[in-house]
Number of protein chains: 2
Amino acid sequence: MAVRRATISDVASLAGVSIATASKALNGRQDVRASTRQRVLAAAEELAFQPNALARGLLSGQTRTVGLLTSDLEGRFGIPVLMGAEDAFGAGEMAVLLCDARGDAIREQHHLRALLSRRVDGLIVVGESTDPRPSVSKDLPVPVVYAYGPSDDPADVSFVPDDVGGATLAVQHLLALGRRRIAHVTGPADYRAARDRAEGLGAALASAGLPQAGETLWGTWSQRWGRHAAEMLLTAGPEFDAVFCGSDQIAAGFVEAARELGRRVPDDLAVVGYDNWEVLAAETRPPLTTVDPDLERLGRTAAQHLFAAIDGKATPGVHKMACRLVIRDSTARM
Amino acid sequence: MAVRRATISDVASLAGVSIATASKALNGRQDVRASTRQRVLAAAEELAFQPNALARGLLSGQTRTVGLLTSDLEGRFGIPVLMGAEDAFGAGEMAVLLCDARGDAIREQHHLRALLSRRVDGLIVVGESTDPRPSVSKDLPVPVVYAYGPSDDPADVSFVPDDVGGATLAVQHLLALGRRRIAHVTGPADYRAARDRAEGLGAALASAGLPQAGETLWGTWSQRWGRHAAEMLLTAGPEFDAVFCGSDQIAAGFVEAARELGRRVPDDLAVVGYDNWEVLAAETRPPLTTVDPDLERLGRTAAQHLFAAIDGKATPGVHKMACRLVIRDSTARM
DNA sequence: TACGTTTCCGAAAACCTTTAAGTCCAACGG
DNA sequence: CCGTTGGACTTAAAGGTTTTCGGAAACGTA
């Protein structure tokens, strides 16, 4: 550990110039003779000079730092969004101050204060589900962008996955493979994500003039529920040649149970999951065709939009981000 | 968005006192009459005054901010460590600057510069595996603590899970249940984690005077490998009544294949995993007994140690953190 | 030589806060 | 009435950097 850090004043003395000249030389500005600039640069190098970002920020009013407020780091969905954002910010020479409120509104307020006190240039709020969440942006001195979980205030800027479109993608894929009787097993009905995906399924079927195979089965986001639903449907359910599952966990349970009941996937039964959670979707037998909400891209886009909002203007409202279909072996032509 | 933020000078004018008095009133210091303090506090409230952390940091030389440098956010192990650290820092009113180097040394250097330029008070480096990694702490003006992946310089401070001890825990559990012939299926031999766990197994067996059932099977950290190993062992392998798997993924594949081959877990065969990756370990049939490296605690401990290092002295060297055994249904008395 | 122009550099203010040192005044003891 | 004490407040400096503006030297032109 070095004792004291060099300041620009040390650099200036060593180079035999004034502070002002040193500053200009280091920042590549005009009005410095080439030879002088060289001397300053050499001095800075020798002293391992690093400009003090605090002083710089104090003067300029810009910290080149953004706050990232997440309500739930534990969850699986926040991380990819965070990674995408970190990626975009890193490329823009921005630093990210990370705060996890753990779903606690008090802690969120506390973190918000801390971030503002540190004079962040902007804020990204990452929700824990796609359900709208309370806005924090009332009377804030910096721009805010919501990612994954939208703000409940339509005047804010939010980026969310287009779950209706994602479900439509899945259904259109199944229809193109010749499947006609599609069942739906999904998570709890009080999740926006579950309702949106069911809605997408319904819309796609309706526009193809087909009925859904049985009612939508609402349950939990677990493998266990997927197995249970499979047993129910396959022993006493309606006829169906495909099932659209609301998550990869459900789909993994479903294919496992179907397999044990002697149904061949995809021959007898095509299965589509949701989330493209690789560790699960790629390890089931057969590997799952699934909808990928592309959360990393969502995070990156949100970050880029925050840049725009910081030095210019933002387009408010909820932006729906398209999903991708990842085709693996759990679906095939009949 | 407000136009301009109130400074302490605005608060002072509004309260009709000098800046110094305002500062003292706001910071709860002596030499301020109670009534004056009230006036200042009211003024601060009215203007929504937030002290500028930059100015404060510039003066005090402390930013109450630490850098968290991770080589691999994508991986499963960095996140819990990060959460633990974030937890400890949040409690200490510290903020966390997050940087992900994505395993790239250049990017790591770049982030390091950025963090130092922002005058962080300390640094936590989170590795992507338990293998030693190059030290970054040579001639750094701030203390550094390594978490999960230790530094290759013994003079640094590192916190790593005690994989040897974790494996011992698992084996002792199996022995206590009356199992005597224990096989071992694990990941690649070029992972320190795999070697440590195999070593723990060997030591525990040796001190019980028992031989290992067959050679250690080295493979990958995947479910697929677990299945494959199970098929090999159960069709043409040695006699065994328990298997210690190097990861929950391997164990999940193993129990699945064993089940399909008609072996009952835990009756015929006890299975222990490693990592306590809940989504997997709790969803297999039966749920997995597994070793929990308690990474969140590891992160928290590392953070607390960084505090100590920041304002005092640190005890260098590699600190091994004990693991916990989580007992579920995949193990039982014979 | 006198004067205007260009080139390069330095002095000083500004950003916001904390704190050491100094000022003022009332109360109090003698 | 004077000196002392101590409470309540203010002044000013410090922290590191950027930037504006003014100044000096060198050079060209009349």
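Order of the sequence lines sets the chain letters (A, B, ...), proteins ahead of strands, with each chain counted from 1.
Shown here is Arg192(B), whose CZ atom has no more than 12 heavy atoms of other residues, nucleotides or ligands within 6.0 Å. A 6.0 Å sphere centred on CD of Glu74(A) holds no more than 12 heavy atoms belonging to other residues, nucleotides or ligands.
Between Tyr191(A) and Thr130(A), the side chains place no donor N or O within less than 3.5 Å of an acceptor N or O (distance only, hydrogens not considered).
Of all nucleotides in DNA chain C, those with any atom nearer than 4.0 Å to a heavy atom of chain B start and finish, going 5' to 3', at dC16(C) to dT19(C).
At the heavy-atom level, Ser23(A) lies under 4.0 Å from base atoms of the strands shown.
A donor-acceptor distance shorter than 3.5 angstrom exists from the side chain of Thr301(B) to the backbone of Arg297(B), with no hydrogens or angles considered. One N or O on the side chain of Ser71(A) and one on the backbone of Val126(A) form a donor-acceptor pair closer than 3.5 Å.
With sequence neighbours excluded, the residues satisfying salt bridge (charged side-chain N to carboxylate O under 4.0 Å, His left out) with Arg133(A) are Glu108(A). Applying the side-chain contact (heavy atoms from CB on, under 4.5 Å) rule to Asp10(A) yields the partners Arg4(A), Ala6(A), Thr7(A), Leu47(A); only residues at least two apart in sequence or on another chain are considered. Remark: Glu46(A) engages no residue in a salt bridge (charged side-chain N to carboxylate O under 4.0 Å, His left out) (not counting sequence neighbours).
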Within the sub-3.5 Å range, which N or O atoms of nucleotides 7-9 of chain D have a protein N or O partner, and how far apart are they?
residue: dC9(D); atom: OP1; partner: Arg33(B); partner atom: NH2; Å: 3.0
residue: dC9(D); atom: OP1; partner: Thr36(B); partner atom: OG1; Å: 2.6
residue: dC9(D); atom: OP2; partner: Arg33(B); partner atom: N; Å: 3.0
residue: dC9(D); atom: OP2; partner: Thr36(B); partner atom: OG1; Å: 3.3

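Interface residues of residues 50-61 of chain B facing DNA chain D, ordered by number: Ala55(B), Leu58(B), Leu59(B); criterion, heavy-atom separation under 4.0 Å. Across residues 111-121 of chain A, not one residue has a non-hydrogen atom less than 4.0 Å from an atom of DNA chain D.
Residues Ser151(A) and Val125(A) fail the side-chain proximity criterion, which asks for heavy atoms closer than 4.5 Å. With contacts defined as side-chain heavy-atom distances shorter than 4.5 Å, the pair Arg118(A)/Thr65(A) does not qualify. Counting heavy atoms from C-beta outward, Asp153(B) and Ser137(B) have side chains that stay 4.5 Å or more apart. You'll find the side chain of Arg76(B) stays beyond 4.5 Å of the side chain of Leu295(B), heavy atoms only.
Pairs engaging residues 120-129 of chain B under the side-chain hydrogen bond (donor to acceptor under 3.5 Å, both in side chains) rule: Thr63(B)-Asp121(B), Ser129(B)-Asp131(B) [sequence neighbours left out].
Helix bend of the helix from dT1(C)-dA30(D) to dG30(C)-dC1(D): the angle between its two end axes, each built from five pairs, comes to 70° after rounding to 10°.
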Under 3.5 Å, side-chain donor or acceptor atoms of residues 32-41 of chain B against the rest of the protein: list the pairs with distances, not counting sequence neighbours.
residue: Arg37(B); atom: NH1; partner: Ala25(B); partner atom: O; Å: 3.0
residue: Arg37(B); atom: NH2; partner: Arg29(B); partner atom: O; Å: 2.7
residue: Arg39(B); atom: NH1; partner: Ala15(B); partner atom: O; Å: 2.5

Side-chain polar contacts of residues 82-98 of chain B - donor-acceptor pairs under 3.5 angstrom, sequence neighbours left out - could you list them?
residue: Glu86(B); atom: OE1; partner: Arg102(A); partner atom: NH1; Å: 3.3
residue: Glu86(B); atom: OE2; partner: Asp100(A); partner atom: N; Å: 2.9
residue: Asp87(B); atom: OD2; partner: Arg300(B); partner atom: NH1; Å: 3.3
residue: Glu93(B); atom: OE2; partner: His110(A); partner atom: NE2; Å: 3.2

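Rounded to the nearest 0.5 Å, atoms CG (Leu69(B)) and CD (Gln109(B)) are 9.5 Å apart.
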Per-nucleotide protein contact along nucleotides 23-28 of chain D, 5' to 3', at a 4.0 Å heavy-atom cut-off (B base, S sugar-phosphate only, - neither), is ------
Leu73(A)/Ile79(A) under side chain to side chain contact (heavy atoms under 4.5 Å, CB included): CA gap, chis, key distance, verdict: CA-CA 7 Å; Leu73(A) 251 189; Ile79(A) 303 294; 3.5 Å; yes
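The interatomic distance linking Gln30(A) (CD) with dC21(D) (C1') rounds to 17 Å, in whole Å. Taking atom CD1 of residue Ile8(A) and atom P of nucleotide dA14(D), one finds them 19 Å apart after rounding to whole Å.
Between Val145(B) and Phe159(B), the shortest heavy-atom distance links the atoms CG1-CD1, 3.8 Å.
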